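Written below as structure tokens is the structure these notes are about.
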Amino acid sequence: MQLLLLHLDDALELQPDFVRACTLAGACHHVDKRGGSEIRLWGRQKMLSDLGRDISRSLPPRGRGPQLAFMGSGDFHHVTALLLDTALELRPVSTTLVHFDNHPDWVNFEGGMHCGSWINSALSNPRIDKVVTVGVCSGDLRNPERKGANLRWLREGKLELYPYEHPPSRVSAEYGSGASYRQDGRALYWKSISEVGEENFIDLILSRIGTEAVYFTIDKDVLGADDAVTNWDQGRMRLPYLMALISEIGSRHRVVGADVIGDYSVPSYAGGLKTRLLKQAEIFIDQPRLRQAADAVRNINSAANHALLEVLAESME
């Protein structure tokens, strides 16, 4: 396994014990906070392509196994699309992307990528067989079409979404029924973890992964506030259950790569005045205010990262 700490903000630096443990384990560090400020929340395609090349150049020679990246705030989840492309260039096999998140990240976005749009880029990779999104509880599933959701992936069977719990979603078009939902009139009824039961859901998700290879992406906002402190509204999954899902899937499939995001960091933006104002307006509307002391934030997030590092390392052996 090749361990990467991607410093696009100060989230990991605020967890010195975790960084120290990773460094002792042979982690490679890539530091680009200026670039991170430019692409935080969203970035134009050239900026993202440049960042992808810079990350690839900073890595040691090939042959050290699949890459596990920790990369700070969930505001950078679109970087997963870059890491995924690199992983599948090195291991060009049909792969299922297993996506743990409190948000579906499926909106349409023109001219680049947004942290809420990157699933579209992932599904454009011909080696991605399917995306399985797990744990959503957020309001993004309420009237998703009005919020820019690209629901054709559901209809085409390229995306399955299993909320932790969620009421039906109101839609205006016909999407039929899929493995993770059924349509009744203008409502999509989701097959949620709370409905199926946690133990039964493990068997369900294992049955829905049809490839030998998987890639894990974990946004810690899928977890409740006792297990993570993030920049976004958070879900209801508990850390032990998330680890159980990773372990069960990893024991039956070859993990070709993984990344972990979702640590809180103070937003910082670069770019033109209009871009900075637009991003600040977005977080003012969409992101809750932090109400916890810095020490508590550090301790909660560091503990979760240590636990996720251990279970992912075991799955990637």
Side-chain angles (χ1 to χ4, degrees), residues 41-42 73-81 84 96-110 113-125 128-173 175-183 187-196 201 204-205 208-209 215-224 228 230-237 242 245 259-262 282 285-288:
L41 286 183
W42 73 77
S73 170
D75 290 356
F76 298 106
H77 209 165
H78 44 312
V79 176
T80 290
L84 179 65
T96 299
L97 174 62
V98 183
H99 169 215
F100 297 99
D101 205 319
N102 193 40
H103 307 88
D105 293 352
W106 57 8
V107 303
N108 292 298
F109 186 80
E110 298 296 329
M113 262 195 296
H114 190 286
C115 65
S117 78
W118 66 273
I119 286 293
N120 296 294
S121 178
L123 282 167
S124 71
N125 190 311
I128 289 297
D129 177 69
K130 178 169 60 180
V131 174
V132 180
T133 297
V134 179
V136 177
C137 293
S138 68
D140 297 283
L141 298 187
R142 299 190 196 104
N143 301 307
E145 293 165 311
R146 295 182 185 176
K147 298 173 183 177
N150 187 357
L151 297 186
R152 72 179 177 88
W153 301 121
L154 287 173
R155 183 168 43 210
E156 294 175 6
K158 295 287 287 182
L159 171 66
E160 295 181 14
L161 188 146
Y162 298 93
Y164 193 87
E165 60 183 29
H166 209 280
S169 301
R170 303 299 300 177
V171 292
S172 60
Y175 294 98
S177 293
S180 60
Y181 71 97
R182 64 179 175 85
Q183 184 166 10
L188 301 184
Y189 291 82
W190 303 100
K191 190 176 291 184
S192 67
I193 297 173
S194 61
E195 175 191 351
V196 173
F201 181 74
L204 173 60
I205 192 172
R208 300 308 304 160
I209 299 174
Y215 183 104
F216 288 122
T217 181
I218 300 152
D219 189 333
K220 289 161 63 179
D221 68 18
V222 75
L223 298 170
T230 80
N231 287 91
W232 293 87
D233 56 308
Q234 293 180 227
R236 295 175 177 84
M237 191 178 292
L242 172 60
L245 286 169
D259 61 71
V260 178
I261 66 164
E282 179 174 337
I285 294 169
D286 289 343
Q287 294 186 355

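Predicted, not measured: the structure shown is a model, and the values here were computed from it. Index from 1, following the sequence. In what follows, every heavy atom counts, from backbone to side chain, and hydrogens, waters and symmetry copies are set aside.
Inspection of the H114 and E282 side chains reveals an N or O donor paired with an N or O acceptor under 3.5 Å. No hydrogens or angles considered: nothing links the side chains of D219 and W232 as a donor-acceptor pair under 3.5 Å.
Residues forming a side-chain hydrogen bond (donor to acceptor under 3.5 Å, both in side chains) with S172 (at least two apart in sequence, or on another chain): E145. Under the rule for a side-chain hydrogen bond (donor to acceptor under 3.5 Å, both in side chains), K191 has no partner lying at least two apart in sequence or in another chain. Residues satisfying the side chain to side chain contact (heavy atoms under 4.5 Å, CB included) test with P144, not counting sequence neighbours, are W106, A149, L151, S169, V171. Taking S73 as the reference, R40, N231 meet the side-chain hydrogen bond (donor to acceptor under 3.5 Å, both in side chains) condition, with sequence neighbours excluded. Listed by chain and number, the residues in a side chain to side chain contact (heavy atoms under 4.5 Å, CB included) with S138 are N102, H103, P104, V136, D140, D233 (sequence neighbours excluded). For the side-chain hydrogen bond (donor to acceptor under 3.5 Å, both in side chains) test, residues two or more places apart in sequence or in another chain that qualify with R152 are E156.
Scanning both residues, S177 and R182, for their nearest heavy atoms gives OG-CA, 3.4 Å. Nearest heavy-atom pair, L84 versus A122, reported as atom, atom and distance to 0.1 Å: CD2-CB, 3.8 Å. Nearest heavy-atom pair, T217 versus H77, reported as atom, atom and distance to 0.1 Å: OG1-NE2, 2.8 Å. When all heavy atoms are compared, the tightest approach of W190 to Y181 is CE3-CB, 3.8 Å. Nearest approach of C137 to R236, heavy atoms of both residues: CB-NH1, 3.2 Å. In terms of heavy-atom proximity, D129 sits nearest to K158 at O-NZ, 3.1 Å.
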**OP:** Apply side-chain contact (heavy atoms from CB on, under 4.5 Å) to T230 and Q287, showing your working.
**Re:** CA-CA 9 Å; T230 80; Q287 294 186 355; over 6 Å; no

**OP:** Using the side-chain contact (heavy atoms from CB on, under 4.5 Å) rule, take R208 and K130 through it: C-alpha gap first, then chi angles, then the decisive distance, then the call.
**Re:** CA-CA 10 Å; R208 300 308 304 160; K130 178 169 60 180; 3.9 Å; yes

**OP:** Give the intermediate values and the outcome of side-chain contact (heavy atoms from CB on, under 4.5 Å) for residues K220 and V260.
**Re:** CA-CA 7 Å; K220 289 161 63 179; V260 178; 3.8 Å; yes

**OP:** Mind running side-chain contact (heavy atoms from CB on, under 4.5 Å) on Y162 and V132 for me, showing each step along the way?
**Re:** CA-CA 8 Å; Y162 298 93; V132 180; 3.9 Å; yes

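Going from atom CG of L161 over to atom NE2 of H166 covers 9.5 Å, rounded to the nearest 0.5 Å. Here Y215 contributes atom OH and T96 contributes atom OG1; the two are 14.0 Å apart, rounded to the nearest 0.5 Å. Within the model, atoms OG of S194 and CZ of F201 stand 10.5 Å from one another, a figure rounded to the nearest 0.5 Å. Rounded to the nearest 0.5 angstrom, L223 CG and D221 CG are separated by 8.5 Å. Taken from CG in D105 to CG in N150, the straight-line distance is 13.0 Å, to the nearest 0.5 Å. A distance of 9.0 Å separates CG in L154 from CD in E160, rounded to the nearest 0.5 Å.
Annotation: side chain of S117 is not in contact with side chain of N108 (no heavy-atom distance under 4.5 Å). Counting heavy atoms from C-beta outward, L245 and F100 have side chains that approach closer than 4.5 Å. With a 4.5 Å cut-off on side-chain heavy atoms, Y164 and E195 do not count as touching. Side-chain atoms of I261 and I218, non-hydrogen and from C-beta on, never get closer than 4.5 Å to each other. Using a 4.5 Å heavy-atom cutoff, the side chains of W153 and N120 are in contact. V134 has its side chain within reach of M237: a pair of non-hydrogen atoms, C-beta onward, lies under 4.5 Å apart.
Under a 3.5 Å cut-off, the side chain of Q234 and the backbone N or O of A228 do form a donor-acceptor pair. In this structure, the side chain of Q183 engages the main chain of Y175 through a donor-acceptor pair within 3.5 Å. Looking only at distances, a side-chain donor or acceptor of K147 sits under 3.5 Å from a matching main-chain atom of G139.
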